[in-house]
There are 2 protein chains.
Amino acid sequence: MSTQNKILIVDDEAAIRTMLRCALEPAGFTVIDLADCTQAWRLLQAKNAVDLLLLDWMLPDQSGIEFAKRLRAQLATADLPIIMLTAKAEERNKLKGLEEARVDDYITKPFSIRELIARINTVLRRGPVQNHEGRIQFAALALNLDHKTLLINNQEINITPKLYAILYFFLTHRDKVYTRQQLLDNLAADSFYDERTIDRQIKRLRDLLEPSGMADYLITVRGHGYQFTSKKQC
Amino acid sequence: MSTQNKILIVDDEAAIRTMLRCALEPAGFTVIDLADCTQAWRLLQAKNAVDLLLLDWMLPDQSGIEFAKRLRAQLATADLPIIMLTAKAEERNKLKGLEEARVDDYITKPFSIRELIARINTVLRRGPVQNHEGRIQFAALALNLDHKTLLINNQEINITPKLYAILYFFLTHRDKVYTRQQLLDNLAADSFYDERTIDRQIKRLRDLLEPSGMADYLITVRGHGYQFTSKKQC
DNA sequence: GTGATCTGTCATGGATTTGTCATAAACTAT
DNA sequence: ATAGTTTATGACAAATCCATGACAGATCAC
């Protein structure tokens, strides 16, 4: 890679910042680290200041979520890819906040360096998940994050809350197989549901996408789970 | 998985070793503990001697970091997962060393047993030879862990779940003969299957690999079991 | 509350995968 | 070479997995 991707780390713990710097620099990233949102905000006003933001959940002057939302709200940073660092303790209902703040991915501590780098590369490769109109777009599909609606070929289609959540998850986590349990974990706070429930919801989602031909992207991987591909299968 | 993961603890304080042993054995790990690097080095020369190394920072004969680097430098242990135990006191330039030594994770004392176990499992789960693309590669073969597919010469091929598991096992445990029973144990939780079942699956796997010539790496060791070699037999 | 909609559970059937068995082939030791 | 053992392989049965319809419980709007 000729031009290194610049990553901004915002975390109040010096040890974590150092650790991340030491992990990311050898992987070919340029790293800037700051301890609070105020400084970060200033830095980010510059055009193309950084390529990606690694943002801790807990920060001294403002919660990471709040900061992310602020960034999304101003045009200059509306499309900045953000990966959130969360502690294990954080519960599912907080994950809801992640969607609202439109972060691109999140990773729970403790995480492996390898995994972090993989996710950073994924996010950088695919670009921000949502555009500045507050949409996630993929081929003929779009989710309007503000209205929680589904658009197929710009036609608004009714979608139920659960199906919206599933589709949101798939659109933001493409090209990887997820087990039913993983899907349940990501969709419900207290997931003691039957795994077959996922089958049923997948079917419903497919019925919804069928008329547009987009159902073909949602594939079953026998013995493993389901996957939303970026490339239509033949 | 019914075969227990083997963990080597290297720490000079007997009290810590005992504590760790008492913590890890009930969690289903097999524990070996040693007091210094010299002994550990000897032990680790054996292929697949252990699955993970828990290494103290301060050791009598050599610093943990130095030892880790030495392990990384020789092929047999280059991929051995290592978790470092560090005292809270030293923070900064210490962490630098962790990346240099390509340590997989580190944990600062005092730590909770639960956290330690969680981290061990995290490190173990992500597997040994997976490269940054989420693949396990060997010669013309690769497993795409994200898609759960087999790639032969970069051509994605569908593979059934059991065969995937068997191939995954072989690719991550090369150059060692496994008995049919060991293979069964690694592939099914409650394996009361006939041992001949393995023969059958081996045949199926060979049929799959045959066209690419990769079947030659999967050899029968008469009277013992099967082995996936790194060097093609002649 | 009541009705409408949404979501989870269950049962069924079909397709695929996997295990078992029988026999052929290969190998080993004498 | 021959008997005895071990492995390969084809045929088939059993088990597994998934799609799907029916339905009931949960949730939401009014």
Side-chain angles (χ1 to χ4, degrees), chain A residues 92-93 96 147-150 156-170 177-211 215-228 233, chain B residues 148-150 157-170 177-211 215-229 233:
Chain A
R92 294 270 170 246
N93 45 355
K96 276 234 176 80
H147 302 158
K148 309 278 182 204
T149 52
L150 165 65
E156 200 161 299
I157 307 269
N158 250 358
I159 186 168
T160 64
K162 278 282 158 69
L163 289 185
Y164 177 91
I166 294 173
L167 188 53
Y168 175 86
F169 180 85
F170 275 126
V177 177
Y178 292 89
T179 64
R180 291 174 175 73
Q181 194 54 58
Q182 287 175 319
L183 292 169
L184 278 175
D185 288 346
N186 278 288
L187 296 172
D190 53 342
S191 51
F192 282 98
Y193 294 121
D194 193 304
E195 288 198 348
R196 302 279 113 217
T197 296
I198 293 293
D199 297 38
R200 208 59 198 69
Q201 291 289 52
I202 291 282
K203 161 70 170 151
R204 286 174 180 137
L205 188 50
R206 281 175 173 157
D207 288 347
L208 200 66
L209 303 181
E210 192 52 65
D216 298 341
Y217 291 90
L218 181 50
I219 63 178
T220 303
V221 181
R222 191 176 220 275
H224 296 284
Y226 296 96
Q227 175 188 19
F228 197 95
Q233 304 298 296
Chain B
K148 308 288 179 194
T149 52
L150 165 65
I157 310 239
N158 264 338
I159 182 170
T160 63
K162 276 282 161 67
L163 289 185
Y164 178 92
I166 294 173
L167 188 52
Y168 180 91
F169 180 84
F170 275 126
V177 180
Y178 291 90
T179 65
R180 291 175 175 73
Q181 194 54 57
Q182 286 174 317
L183 292 168
L184 277 175
D185 289 346
N186 277 289
L187 297 172
D190 52 343
S191 50
F192 290 102
Y193 295 122
D194 193 305
E195 287 198 347
R196 298 284 115 207
T197 295
I198 292 294
D199 297 37
R200 205 61 197 69
Q201 290 290 52
I202 291 282
K203 159 70 170 153
R204 286 176 179 136
L205 188 50
R206 281 176 174 156
D207 289 347
L208 202 65
L209 303 181
E210 194 50 64
D216 299 341
Y217 291 89
L218 180 51
I219 63 178
T220 304
V221 181
R222 197 185 163 83
H224 297 283
Y226 297 95
Q227 175 186 19
F228 198 94
T229 58
Q233 305 298 297

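In what follows, chains are A, B, ... by sequence order, proteins preceding strands, each numbered from 1.
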On the nucleotide [N], are OP1 or OP2 found under 4.0 Å from the side-chain N or O atoms that [X] carries?
X: Thr220(B); N: dA8(D); result: yes
X: Thr197(B); N: dT18(C); result: no
X: Arg206(A); N: dA19(D); result: yes
X: Arg204(A); N: dT20(D); result: no
X: Lys162(A); N: dG8(C); result: yes

Whole angstrom is fine here: how far is it from [atom1] in [X] over to [atom2] in [N]?
X: Ile219(B); N: dT6(D); atom1: CD1; atom2: P; answer: 19 Å
X: Asp194(B); N: dT6(D); atom1: CG; atom2: P; answer: 14 Å
X: Leu163(B); N: dT18(C); atom1: CG; atom2: C1'; answer: 9 Å
X: Ile166(A); N: dG8(C); atom1: CD1; atom2: C1'; answer: 12 Å

### Query
On DNA chain D, nearest-nucleotide positions of Pro161(B) versus Lys203(A): which is more 5'?
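Closest to the 5' end, via its nearest nucleotide, is Pro161(B).
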
### Query
With distance as the sole criterion, do the side chain of Arg222(B) and the base of dC27(C) form a donor-acceptor contact below 3.5 Å?
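Looking at the base of dC27(C), it does pair with a donor or acceptor on the side chain of Arg222(B) (distance under 3.5 Å).
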
Closest to the [X] side chain, choosing from [options]:
X: Gln201(B); options: dT18(C), dC18(D), dG8(C); value: dT18(C)
X: Asp199(A); options: dA11(D), dT20(D), dC23(D); value: dT20(D)
X: Arg200(B); options: dG10(D), dG8(C), dT7(D); value: dG10(D)

### Task
Check step by step if side-chain hydrogen bond (donor to acceptor under 3.5 Å, both in side chains) holds for Gln182(A) and Asn186(A).
CA-CA 6 Å; Gln182(A) 287 175 319; Asn186(A) 278 288; over 6 Å; no

### Message
Are Thr197(A) and Lys162(A) packed together at the side-chain level, in the sense that at least one heavy-atom pair is separated by less than 4.5 angstrom?
### Response
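No, side chains not in contact.
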
### Query
Less than 4.5 Å apart, any side-chain heavy atom of Phe228(A) and any of Ile166(A)?
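No. Closest side-chain heavy atoms not under 4.5 Å.
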
### Message
Need one value for Arg196(A): base, sugar-phosphate or nothing, where a base atom within 4.0 Å counts as base even if backbone is also close, heavy atoms only.
### Response
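If one applies the 4.0 Å heavy-atom cut-off, Arg196(A) turns out to touch a base.
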
### Task
Remember a base hit wins even if backbone is also touched, and classify Tyr226(B) as base, sugar-phosphate or nothing at under 4.0 Å, heavy atoms.
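It contacts sugar-phosphate atoms only.
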
### Query
Would you find more than 12 non-hydrogen atoms of other residues, nucleotides or ligands less than 6.0 Å from Asn158(B) atom CG?
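12 or below, so no.
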
### Task
State whether the side chain of Thr179(A) and the backbone N or O of Gly225(A) hold a donor-acceptor pair below 3.5 Å, judged by distance alone.
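Between the backbone of Gly225(A) and the side chain of Thr179(A) there is no qualifying donor-acceptor contact (under 3.5 Å).
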
